[in-house]
Each structure stands twice: as structure tokens, then as C-alpha cells.
Amino acid sequence: MTKFLWGSATASYQCEGAWNEDGRVPSLWDVYLHENQLEDGDVASDFYHHYKEDIRLMKEGGQTSYRFSISWSRVITDKFGTINPKGIAFYQRVIEECLKNDIEPFVTIFHWDLPDYLEKEGGWLNRSTVDAYLNLCRVLFDKFGDKVRLWATFNEPRYYVFSGYFIGNYPPAVHDAQKTAQASYYMMLANAKAIQLYRKMKQTGEIGIVHSYGPIYGVDDSSETKQAMRDADNYYNNWVLDPAILGIFPKDLLEKLISSGIDLSFIQENDSQIFKENTVDFIGLNYYARVIIAPYKEGETVLSVNNSGKSAKGSSKIVVKDWFEQLFDLPDAEYTDWDVEIFPQGLYEGILMVHEKYNIPIYITENGVGVYEDVDHPIEDNYRIEFLNDHIDAILRSKKDGADVRGYYVWSTMDLYSWKNGTEKRYGLVAVDFNNQCSRKPKKSYYWYKKVCDSNGKEIQQNRKYKSKGISTLSLIRGEKDELL
Ligand code: BGP
């Protein structure tokens, strides 16, 4: 049995900075944020210059793995596939530094920062982006395949595509259901083709995909709610999990898309074979919160998410016309200032749902809590310790109940740039003083997590508050009934 991995995670655009150094070209995020004069990640946590210190802190913090992503714009600088040796050298140094410190590198190939030269050609709406992505994969497997044992093709295609093409709060910032379906499909095709390439190149590690997991719960056990839950599960989870793990898209999802007016002619005949033959070795689940569903009642689609924190607390609202409504205002539930519910039991049940449905190795590739913090003082982040404790407890319980969970990654290694939320939403185990040359200061949770890692989880206190509320997909699968809301 391989050892359980205890780690933390980041993403290139969110932590590296050095946005125009050593030959890096702009990604779609650089262009979008600059053009709209929004807070950007030009400097971010300046990981590009602090990586040695950060990896040393991981090691001293007891961590045994580091999940990070590659900035495509740093390693391939034009649409003809020109390789930037300085970009390759940077990741070479990061990987070497990890290995020197006994940290297992876990590399995400794409964590949302598509080069702008590809976005200009249509980005993920264009089938040829799949080929450009495969070219990137070929370079990475060739250069780093002997050192990196764990690869994720994509981070959260669901979150990326829906935010960029449906909600429109991320670049390319459009609201178009047709484009959402098309970009989603091409990303999943790219996932299957990258797996095919990985095996063709006779790589010896494991390759999977990372999904933004939202375990589905319903407000009651009526047949309307159950149907809405199924549609929401397809919308949030199954269009990624099914093709990635089973090699096939859910039939009722495709039917629903057609009846919602989506033209699926972008699907080509030979694709289905590629999906079937190239499924993942493991699934990475990022868990922040569950999704609570009620049947769709009336009105147009509404997609408002809170990227403003406490000034907009309670403003989140999601209604997908003819599909479902998502609730953000449960009585007795606890929410962060960004309307994210804190519900560790959703992770326990969510893991078991994936385990029972797919029976596949699982990594919890992100989990954490974003809050406002004042870094001028030592950070006594007891709330984060409680949050992480209760979620790790959920994982340990799911393992006891048979799930094959192989690793856990706190989001995030250090404070970083939280996309549209900027840098004031902090997740790190280590504080970054963005006004003072990005100096680092471990928080109380960092020292606590060291004890968890060193004791292989024995430090975790059993969470006695958990209770399932609402009817979960797990209970539907098992034919049980949870307590209703
Ligand atoms: C996940 C992303 C991360 C990270 C995290 C927290 O969806 O993979 O990149 O940002 O969520 O989200 P946010 O930064 O929006 O609070």
C-alpha cells in the first residue's frame, strides 16, 4: 500500500506572479484583468521567486506532496508550439526542489490560464485547441515524465467553463449555453486524448482529472425534487465524472441538452471510441460545499455568484430555467462571507457516492476556507483548524467505510490571488504580506497541519456535530431517507 499523501495545493496564475518575466506571454486572465482594470495576478504570491522558501516550508510543515499547475504561457509561447527554455527550466527547478525535500510533485497541466494567443483563435470553442493542448502535454511528459508520478489533465473543467461561458464572471466572460456545451465537450475530449498520449508515451505514473465536486442534496423527496437533483447532478458533476471515469456521457444529459435547444453537431463519430478507450487512473475531487437543489419553478435563468465577499453576503442565486434551482439560504446552515456553506458531512457522503458509483482511487485535491485575515498580527486561525479538522475527519470516516482515498491537499499552500475575489480572500496555511514584498509567515493552522501530517491523521479530533440534512444523492442511490429539511 502506498502511503497516504498529505499536501497542499496552488495554481500557476494564482501564485507565481512574474507575469512577463523570462519569456512568459499573456494568458487570457492577464488580458481580461488588465483590460477591465481589475485586481490582477501580476505579482500574486511571487512564487516564481519564492519557490525555494515555499517548498522548504512545506517540508518543515510535515507535508509530503505539493499540487501545482503549469503556466502554459510560460512554456509554450505561440500557436506554432515554440518552447520557452526558461519556462521549462523554472518547472524543472520546482520539481527538483520538491524531490530534494521528499515532496511528491502532483502536476496539474491546465488550471485555467489559457494562453491569450489561443483564446484569440477561439480558445476552448475551437477543436484545434485540443491539439494545442496535446502538444503541451507531449512537451511536459517528455521533459518531466520521469520525475512526476501524479498528473491531472485539467483542474475543474466544470467551474472554468461555466464561469467563463455561462455565468460570464470569468474570461472570456460570455453567457451562452451553446458555447458552454461546446467548450465543455472539447475539454473532456482533450482529457481523453491526453490520457491516450500518456499511455502511448509509456509513462509510468498515474493520470487523472480534478473535478469541482458538488455533491447534490434535495429539499424533499418528491419526484419533482428527485428529477431536479438528477438534472443538477448532470449539470454539476456527471458530465465530467462519467466521460472521465466511464468513457461515456450520461444519455439523459445529452437528451436534456437537445431539448434545451443545444446543437450537438460538434460531436464527431470517432470521438466516442476515444472516450471509451481512455479513462482516468484516479479522480481528484475539490470539495468546498455541497449543492442544495429544489425544482425549477418559474422565470428566466439567474446566475449570480458572490465574488465580493461580505458586502454581497447572501446575494448568490442560481436558477437554471427548466432544470433546477439552487438554494443558498438554509436555516441553521453556516456560510462564509462568499456564500459558501460549511458542511463537512457533504465531503463524507460525496466521497462515498463517488466510491459506490465508480469504485475508483480518489485524491481530495483541494479543500479549504477563504476568509478575511489581518496579516499584521500572528494569525490565530482557529476557524480554519476547525474547518480542516472536520473535513479530514470526514475523509478518514469515508476511508473506514471502504473508499480508496489516497491523499489530501489543503487549499492553499500560502495565501494567493483568488481570481475575481482578489487577494483579500485568504486560504493559505502560510500568510503572505502582499504589501511587504510577499513575505511569508506561517499561521497557527500551518503548525496544526504539521501535527496531522506527522501523525498520519491521528491528530484529527472526531467531529461530533455532523448530521445529514436534506436528501442526498447517496441516500437515493442506497434507497435510504435522510432527515428532510
Ligand atoms: C477552486 C479552484 C482554485 C481556487 C479555489 C477557491 O475552484 O480550483 O483555483 O481558487 O476554488 O475558490 P475562490 O478562489 O474562488 O474562492
Side-chain angles (χ1 to χ4, degrees), residues 7-16 27-29 32-33 38-41 44-45 47 66-72 106-114 152-164 166-171 187 208-215 236-237 240 283-291 303-310 312-313 315-316 328 335-342 347 350 363-373 384 387-388 391 408-429 432 434:
S8 59
T10 62
S12 47
Y13 186 74
Q14 296 184 266
C15 75
E16 285 178 7
S27 73
L28 87 170
W29 274 96
Y32 168 79
L33 296 168
L38 294 165
E39 186 180 341
D40 58 47
S45 328
F47 176 76
Y66 174 41
R67 174 175 173 247
F68 61 95
S69 78
I70 304 281
S71 158
W72 191 339
F106 184 145
V107 172
T108 307
I109 298 171
F110 180 87
H111 195 128
W112 304 356
D113 42 357
L114 187 76
T153 54
F154 286 95
N155 177 72
E156 300 193 351
R158 208 280 306 162
Y159 207 91
Y160 174 79
V161 170
F162 282 43
S163 303
F166 200 43
I167 303 174
N169 58 332
Y170 285 5
M187 285 183 97
I209 192 167
V210 169
H211 173 54
S212 47
Y213 190 31
Y236 276 111
N237 301 309
V240 176
I283 189 80
L285 301 175
N286 290 352
Y287 178 78
Y288 290 91
R290 64 171 166 171
V291 175
L303 304 163
S304 20
V305 295
N306 176 359
N307 288 131
S308 308
K310 59 184 166 209
K313 191 167 179 178
S315 64
S316 298
F328 292 89
Y335 293 93
T336 70
D337 285 334
W338 285 263
D339 298 342
V340 179
E341 191 194 356
I342 299 181
L347 180 55
Y363 291 88
I364 301 305
T365 33
E366 283 180 32
N367 173 237
V369 62
V371 292
Y372 296 96
E373 277 167 338
R384 182 171 287 106
F387 179 99
L388 297 176
H391 285 79
Y408 173 77
Y409 295 80
V410 174
W411 184 267
S412 48
T413 308
M414 76 299 263
D415 290 337
L416 34 70
Y417 170 77
S418 167
W419 308 112
K420 289 290 278 290
N421 310 303
T423 45
E424 63 172 5
K425 187 178 187 185
R426 293 172 184 267
Y427 283 91
L429 292 168
V432 172
F434 297 107

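Every number for a ligand or one of its atoms is a count from 1 in the order of the listing.
Residues Gln14 and Ser418 have side chains that never bring a donor and an acceptor to within less than 3.5 angstrom of each other. No side-chain donor from either of Asn286 and Asn367 sits under 3.5 Å from a side-chain acceptor of the other. Judged purely by distance below 3.5 Å, without hydrogens or angles, the side chains of Ser69 and Tyr13 never pair a donor atom with an acceptor atom. Between the side chains of Arg67 and Thr108, at least one donor N or O sits under 3.5 Å from an acceptor N or O. At a cut-off of 3.5 Å, with distance as the only test, a side-chain donor of Asp339 or Ser316 sits close to an acceptor on the other residue.
Among Gln14, Arg426, Glu156, the residue whose heavy atom sits closest to atom 7 (O) of ligand 1 is Glu156.
Sequence neighbours left out, the pairs with a member in residues 418-429 that pass salt bridge (Lys or Arg N to Asp or Glu O under 4.0 Å) are Asp415-Arg426.
Counting heavy atoms under 4.0 Å from ligand 1, residue Ala11 does not touch it at all. At a heavy-atom distance under 4.0 Å, no atom of Val210 approaches ligand 1. Residue-level proximity to ligand 1 for Tyr288 is carried by the side chain, the only part with a heavy atom below 4.0 angstrom.
Short contacts between ligand 1 and Asn421, defined as distances under 4.0 Å to a heavy atom of the residue, involve ligand atoms 13 (P), 14 (O), 15 (O), 16 (O). Listed by atom number, the atoms of ligand 1 under 4.0 Å from Lys425 heavy atoms are 13 (P), 16 (O). Heavy-atom proximity to Trp112, at under 4.0 Å, picks out these atoms of ligand 1: 2 (C), 7 (O). Near His111, meaning under 4.0 Å from any of its heavy atoms, are these atoms of ligand 1: 2 (C), 3 (C), 8 (O), 9 (O). The distance from ligand 1 to the heavy atoms of Glu366 drops below 4.0 Å at these ligand atoms: 1 (C), 2 (C), 3 (C), 4 (C), 5 (C), 8 (O), 11 (O). For ligand 1, the atoms closer than 4.0 angstrom to any heavy atom of Ser418 are 13 (P), 14 (O), 15 (O), 16 (O).
Residues Tyr160 and Phe110 bring their aromatic ring centres within 6.0 Å.
Not a single heavy atom of Lys420 lies less than 4.0 angstrom from ligand 1. Close to ligand 1: Tyr427, with a non-hydrogen atom less than 4.0 angstrom away.
Remark: Ala44 pairs with Tyr417 by the side-chain contact (heavy atoms from CB on, under 4.5 Å) rule, at least two apart or across chains.
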